[in-house]
Every structure is written in C-alpha cells, then in structure tokens.
Amino acid sequence: MELFYQKLVPATARHRSSMLQDMEVGKPTEIDAICGEVCRRGAALGVPTPANRRLLEMVVERSRGGRPGPPQDPA
C-alpha cells in the first residue's frame, strides 16, 4: 500500500487516458470495442456484465454531450 500511495499514485495523478482525450475533442471512443464486446460475449454465454454495461452506458451518454444518470433497469 505504501508503494501504491507514495510512488504510483503521484507518478500517474496527471495521466489522461486516450479515451478521455478522445471525448474531450469529440472523437469517437473505443468503448464499444472494449466494454461493448465484453457485454456481447457475456450475453452470448449467459454471464451478466453489469459493470461493463454501466461503463458503456456512461461513456456513450457523455460522448453525446450528456451527463451520465442513474443506471438503467436491465429489463
């Protein structure tokens, strides 16, 4: 934990992911290729992927200029 908080966190605190950079300039992100694929494969295998589904929803909403809201009911 000491290594994490004393060395790793400070060294990466200003890091900006490529997906964030894409969103900031209005470029498409790779969210569907990452989280979307996990969701599709999970669905095909009958494995729930709620965390990836939520990340997908949030990034898509934000990319459209909105603010991510509460999770949608997976009806």
Side-chain angles (χ1 to χ4, degrees):
M1 292 302 280
E2 183 177 336
L3 172 65
F4 180 75
Y5 286 109
Q6 298 298 320
K7 301 276 186 191
L8 300 176
V9 170
T12 60
R14 294 181 185 214
H15 175 78
R16 291 172 56 251
S17 70
S18 62
M19 195 176 306
L20 173 60
Q21 292 176 50
D22 288 343
M23 289 172 66
E24 289 175 338
V25 296
K27 290 173 57 179
T29 68
E30 65 270 23
I31 194 68
D32 189 59
I34 300 170
C35 290
E37 185 62 19
V38 170
C39 294
R40 287 186 291 277
R41 288 181 185 221
L45 296 169
V47 176
T49 56
N52 280 280
R53 171 70 53 202
R54 182 67 179 131
L55 288 170
L56 178 63
E57 291 170 356
M58 291 171 66
V59 172
V60 167
E61 180 66 25
R62 184 72 184 259
S63 295
R64 292 180 180 154
R67 301 198 93 187
Q72 300 298 310
D73 184 17

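- Grouped with V47 in one hydrophobic cluster are L45, the linkage being side-chain heavy-atom contacts under 4.5 Å among Ile, Leu, Val, Met, Phe, Trp and Tyr residues.
- In terms of hydrophobic clustering, with Ile, Leu, Val, Met, Phe, Trp and Tyr side chains grouped at heavy-atom distances under 4.5 Å, L55 and V60 are assigned to different clusters.
- Not counting sequence neighbours, D22 has no partner by the side-chain hydrogen bond (donor to acceptor under 3.5 Å, both in side chains) test.
- One finds the OG atom of S17 at 7.5 Å from the CD atom of E30 (value rounded to the nearest 0.5 Å).
- Within 6.0 Å of CZ in R40 there are more than 12 heavy atoms belonging to other residues, nucleotides or ligands.
- A salt bridge links E37 with R41: the closest approach of a Lys/Arg side-chain nitrogen to an acidic carboxylate oxygen falls below 4.0 angstrom.
- Residues T29 and S63 have side chains in contact (heavy-atom distance under 4.5 Å, counting atoms from C-beta outward).
- Under the 4.5 Å side-chain contact rule for hydrophobic residues, M19 and V25 do not share a cluster.
- Sorted by first and then second residue, the side chain to side chain donor-acceptor pair (under 3.5 Å) pairs with a member in residues 5-14 form an empty list; sequence neighbours excluded.
- Of the residues I31, D32, V38, the one that meets the side-chain contact (heavy atoms from CB on, under 4.5 Å) test with C35 is I31.
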